[in-house]
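The structure appears below as structure tokens.
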Amino acid sequence: MQQCKLYCHGLLTFLAFVCFYNALDNELVHDDIFAISNNMDLRPETPFVNLFYNDFWGRSIKDIKSHKSYRPLTILTFRLNYMIHNLQPFGYHLVNVILHMVVVNVFFYALYTYILRGVRSSLFAALIFTTHPVHVEAVTGVVGRADVLSCLFFLLCFIFFIRYSEESKFKNRCSRSYFSLTIFFGTICLFVKEHSAMVFFVCILYNMIINKRNLQRDFWELYFGRKNKEFIRNISNKTKDMLKENILLLTWVTILFALRIIIMGSELPKFQIEDNPASFSPYLTTRIMTYMYLLVFNCQLFLIPYTLCYDWQGSSIPLVESISDYRNLQTLMFFVIFASLFWKNIIDCSKCSKIVLVGFILLWIPFIPASNIFLRVGFVVAERVLYISSLDFCILVAYGLDLLIVFFKNKKLLYTLFSGQILLYSIKTITYNKVWKSRESLFRSGINTLPHNAKVHYNFANFLKDTNNTEEAIQHYQNAVRLDPSHSSAHNNLATIINNDEIAEYHLMEALKYTPGHYRAMVNLALLYRKKKDYNRCEDMLRRCLSFKPDYMDALILFGEILYQSEKVSEALMFYENLSETYASNLNIQRGYANVLGGSGIIEKAFEKYDSILRVSPKSYDIYHDYSNLLELNGFRKTAVDLLERAISIDESKPDAYHLLAVMYYKRKDFVSSKNVYQRLFKLSKPSAEHFKNYAIVLFELNEFDKAIKVLRELVQKFPLFLEGYYTLINFLHKTGKKSEVEETIDMALSYFPEDHQILLQKASSKREVKDYIQAKNIYHSILAKTSNNFDALLNLAIVLHIEGNYEEAIGYYEKAKEIRPRDPIVMENISRVKRLLFKNV
């Protein structure tokens with residue numbers, strides 16, 4: 001028998017590894033980004049004690065925006081991961097998979113030793129638990145470690161309490177040790193993940209289940225026999241011991257929950273309506289019917305784990321708002337069956353009833369914190385929360401299957417069906433692991449699974465935005481606000497990427513309509529007003545933003561910039577001076593102050609400020625860049641060049657520094673050095689169209705005409721919508737006398753910009769050079785039809801008419817050109833000539 005158990009442990013370990021092996025190469029996705037990648041509590045430089053003051057996401061537990069998820073021991077395991085391999089995902093996933101294998105084996109041990117007490121039924125339950133697809137979020141999602149780890153301590157606590165219950169009749173030191181270990185592991189549960197501390201209530205109810213016969217007899221005596229003091233004297237010792245144990249456990253868990261409330265500042269977390277719509281419903285009946293249906297829905301995920309999703313928030317599951325909703329029938333049937341089974345097994349005192357009742361308490365007690373019964377939670381359904389509750393499902397199914405095998409003649413059929421079920425679970429689990437491979441695969445799966453859910457569209461749009469897939473991001477943000485018009489963050493993010501100021505302003509106003517304190521929307525609206533140079537509205541919006549969040553750094557920095565740009569120089573200087581004292585260690589504040597000092601002409605003080613910043617942050621690329629720019633503007637070109645070279649040595653990937661350095665060399669007419677800088681830029685990073693154009697200009701200054709023209713031809717091929725490239729190329733071709741290529745380039749430019757006046761003027765000039773005056777005049781007339789005050793078109797049309805001898809019409813266009821530029825020498829001279837010719841003809 002012992003060898004059989006070892007084989008089973010080996011099989012379960014192997015199967016757990018096979019099911020989750022392909023998760024080891026997955027990235028950190030979704031909540032992993034916030035709990036691990038962005039969580040400073042994992043970093044060695046963060047004081048260790050911060051783990052016990054901050055929530056799961058690295059925010060102070062007493063912060064008004066904290067979700068109050070207090071899991072310092074889980075964060076400690078992440079911190080240990082970080083110490084070994086920083087943010088490499090493999091190690092985090094490996095620990096999760098190993099923990100799952102450990103939980104599977106501990107569960108199997110608990111089953112055959114204490115609960116089912118049979119290897120076959122225990123193996124059935126453990127196989128279901130090992131392979132069940134609903135566990136993917138807990139095991140494959142790294143933040144699910146909180147659930148896997150809490151399940152481990154949950155089981156250890158429960159195991160030691162069962163051992164205590166079996167040893168307590170001897171009242172020896174061993175039994176007291178088991179009770180102490182129960183308290184120890186149960187307490188750890190609270191600091192791994194909150195809901196697992198419900199293990200104390202599981203222990204209390206288990207204690208009542210195993211003493212059910214005594215309880216029934218004693219309470220029968222209470223109601224129909226002796227009363228009051230006589231009853232207390234005659235109550236059985238086992239019942240007395242049970243009551244003492246339960247009171248002790250209840251007292252301890254009360255102390256723990258009181259401590260937990262004190263730690264989080266005696267405030268409940270604040271959630272948004274999209275997190276849990278049912279809890280925000282004004283109708284009690286809607287809330288009750290929806291909550292009850294969600295219990296049924298979670299059980300359905302155990303039975304048929306076909307539709308799984310990383311995020312069930314928002315409108316994923318519509319509210320049950322009517323008594324006639326067919327889902328109420330499902331709820332009714334479920335609770336009738338559950339109540340019947342529960343009542344039957346409460347009355348019955350057989351071994352079977354004990355197992356069923358243990359299964360029920362393992363299902364419902366750990367799930368109570370997630371049920372909205374006592375507290376509002378921040379989700380509709382969360383698959384990883386079901387990790388502990390699935391213990392019950394596995395026990396009940398396995399025990400029922402074991403009973404069928406005993407009474408059913410065709411045992412091979414049952415074994416085959418069960419094996420097929422385990423195979424299907426394993427395939428689904430392995431397949432679903434791939435969904436968690438990357439942010440893109442995860443978010444795309446959400447769109448496919450729940451296309452009616454605004455939240456999954458919003459999450460996918462955020463990913464697309466981050467990866468510069470702007471057009472598709474806009475579509476999904478639009479889907480999000482269509483499905484949920486009150487989704488403020490979707491409105492805000494859509495406004496930041498849509499290329500239409502009016503539409504952007506509408507969406508930002510919608511964001512503020514639904515969330516008046518949306519400070520990011522306020523800053524984005526202020527940026528939009530600044531773009532329109534409406535500085536008064538920009539300033540008003542920033543003041544409003546800072547009234548909601550006085551320490552919002554983006555708003556503070558932008559407010560200082562706006563004061564300066566709106567020519568409130570003294571106010572801007574005073575604002576930055578106060579701000580720099582308050583936030584002395586904030587590099588962006590100090591940088592903004594130095595920039596304003598330099599822009600205001602207070603050069604010496606600006607230099608001092610830059611120097612002081614560099615003493616504190618000697619490797620700040622931005623400071624070197626800004627400082628060198630100021631030095632260049634004030635004639636300190638050599639020092640400016642040295643600082644830019646230092647900036648480039650800090651971060652070779654920033655093209656702006658190369659570009660500015662090349663421009664500095666160009667202004668000094670050091671064209672060779674300017675050329676070398678551009679060549680360094682092209683080797684180290686992807687150049688922009690502007691860089692290509694300026695590089696060609698430098699080459700032209702070095703008389704490398706053909707090479708300059710070649711660079712410009714590459715430019716217009718790579719960036720066909722960069723108009724300046726065509727202007728420069730046409731100009732260079734003119735200067736080098738390549739007239740045929742001028743025509744070809746002009747036609748290419750007009751294919752992209754058919755109405756650009758400058759290109760059309762070039763086209764007309766080329767026609768004029770070959771004396772095709774009719775085509776030239778047609779082009780000038782087409783320009784004037786759209787822009788009647790175009791000086792170049794008026795002047796050149798007048799010149800063509802002048803050449804053709806049409807003096808009266810020519811002088812009319814010369815006069816119109818004169819109205820635009822009254823003192824233009826060419827216009828004045830040509831008017832004089834035409835008048836002389838007219839007088840001569842007369």
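Owing to the predicted nature of the structure, the values given are computational and were not obtained by experimental measurement.
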Quiz item: Which is it for K533 and S566 under the side-chain hydrogen bond (donor to acceptor under 3.5 Å, both in side chains) test, yes or no, and what are the steps along the way?
Solution: CA-CA 9 Å; K533 297 185 178 180; S566 58; over 6 Å; no

Exercise. Show your reasoning for whether salt bridge (Lys or Arg N to Asp or Glu O under 4.0 Å) applies to K531 and E505.
Key: CA-CA 12 Å; K531 181 180 176 182; E505 185 174 0; over 6 Å; no

Considering all heavy atoms, the nearest [X]-[Y] contact:
X	Y	value
L715	G725	CD2-CA, 3.7 Å
N524	N492	ND2-OD1, 2.7 Å
M522	C545	SD-CA, 3.2 Å
L712	K693	CD2-CA, 4.3 Å
S489	H518	OG-NE2, 3.6 Å
L508	A521	CD2-O, 3.9 Å

Quiz item: Would R821 count as a cation-pi partner of F791, with NZ or CZ less than 6.0 Å from the six-membered ring centre and within 45° of the ring normal?
Solution: yes

Counting distance only, does the side-chain N/O of [X] pair as donor-acceptor with the main-chain N or O of [Y] below 3.5 Å?
X	Y	value
T515	L512	no
Y666	I697	no
T449	G446	no
K513	S486	no
S441	S438	yes
Y726	P720	yes
N778	I774	yes

Check [Y] with [X], please: is the shortest side-chain N to carboxylate O separation under 4.0 Å?
X	Y	value
D534	R537	yes
K532	D501	no
E472	R444	yes

Is it the case that atom [atom1] in [X] sees more than 12 heavy atoms from other parts of the structure closer than 6.0 Å?
X	atom1	answer
N499	CG	no
M553	CE	yes
I820	CD1	yes
K437	NZ	yes
E755	CD	no
F34	CZ	no

Gap between atom [atom2] of [Y] and atom [atom1] of [X] - 0.5 Å precision:
X	Y	atom1	atom2	value
L450	L483	CG	CG	11.0 Å
L699	K710	CG	NZ	11.5 Å
E27	L87	CD	CG	13.0 Å
T496	L494	OG1	CG	7.5 Å
N38	L28	CG	CG	10.5 Å
R530	L527	CZ	CG	5.5 Å

Quiz item: Which word best sums up how the rings of H476 and F460 line up, parallel for under 30°, tilted for 30 to 60°, or perpendicular for over 60°?
Solution: perpendicular

Exercise. Evaluate the ring planes of Y514 and H491, with Trp represented by its six-membered ring, and classify them as parallel (under 30°), tilted (30 to 60°) or perpendicular (over 60°).
Key: parallel

Report yes if the distance between the aromatic ring centroids of [X] and [Y] is under 6.0 Å, otherwise no.
X	Y	value
F700	F732	yes
H457	Y477	no
Y529	Y535	no
F722	F692	no
Y576	Y564	no

Under 3.5 Å, is there a donor-acceptor pair between the [X] and [Y] side chains?
X	Y	result
Y310	N459	yes
N806	E809	yes
S673	D670	yes
Y727	D756	yes

Validation row: [X], [Y] side chains within 4.5 angstrom (heavy atoms):
X	Y	value
E741	R713	yes
Y458	N493	yes
F682	H691	yes

Quiz item: Under the side-chain contact (heavy atoms from CB on, under 4.5 Å) criterion, do L558 and D554 qualify, and how do the steps go?
Solution: CA-CA 6 Å; L558 182 58; D554 289 350; over 6 Å; no

Self-check item: Trace of the side-chain contact (heavy atoms from CB on, under 4.5 Å) decision for R520 with Y552
Solution: CA-CA 9 Å; R520 289 189 180 89; Y552 187 33; 3.5 Å; yes

Self-check item: side-chain contact (heavy atoms from CB on, under 4.5 Å) between L563 and L573, intermediate numbers included
Solution: CA-CA 9 Å; L563 290 175; L573 288 168; over 6 Å; no

Self-check item: salt bridge (Lys or Arg N to Asp or Glu O under 4.0 Å) assessment of K669 paired with E701
Solution: CA-CA 9 Å; K669 299 192 180 302; E701 292 288 352; over 6 Å; no

Practice problem: Take E539 and N536, measure what side-chain hydrogen bond (donor to acceptor under 3.5 Å, both in side chains) needs, and give me the verdict at the end. | Solution: CA-CA 5 Å; E539 185 179 331; N536 289 333; over 6 Å; no

Exercise. Check the pair K707 / E714 against salt bridge (Lys or Arg N to Asp or Glu O under 4.0 Å), numbers first and verdict last.
Key: CA-CA 11 Å; K707 192 171 181 180; E714 289 179 12; over 6 Å; no

Quiz item: Does the pair K763 and D747 meet the rule for a salt bridge (Lys or Arg N to Asp or Glu O under 4.0 Å), with working shown?
Solution: CA-CA 8 Å; K763 176 82 170 175; D747 290 338; 2.7 Å; yes

Self-check item: Worked check of side-chain contact (heavy atoms from CB on, under 4.5 Å) between H30 and D311
Solution: CA-CA 10 Å; H30 199 36; D311 195 332; 4.2 Å; yes

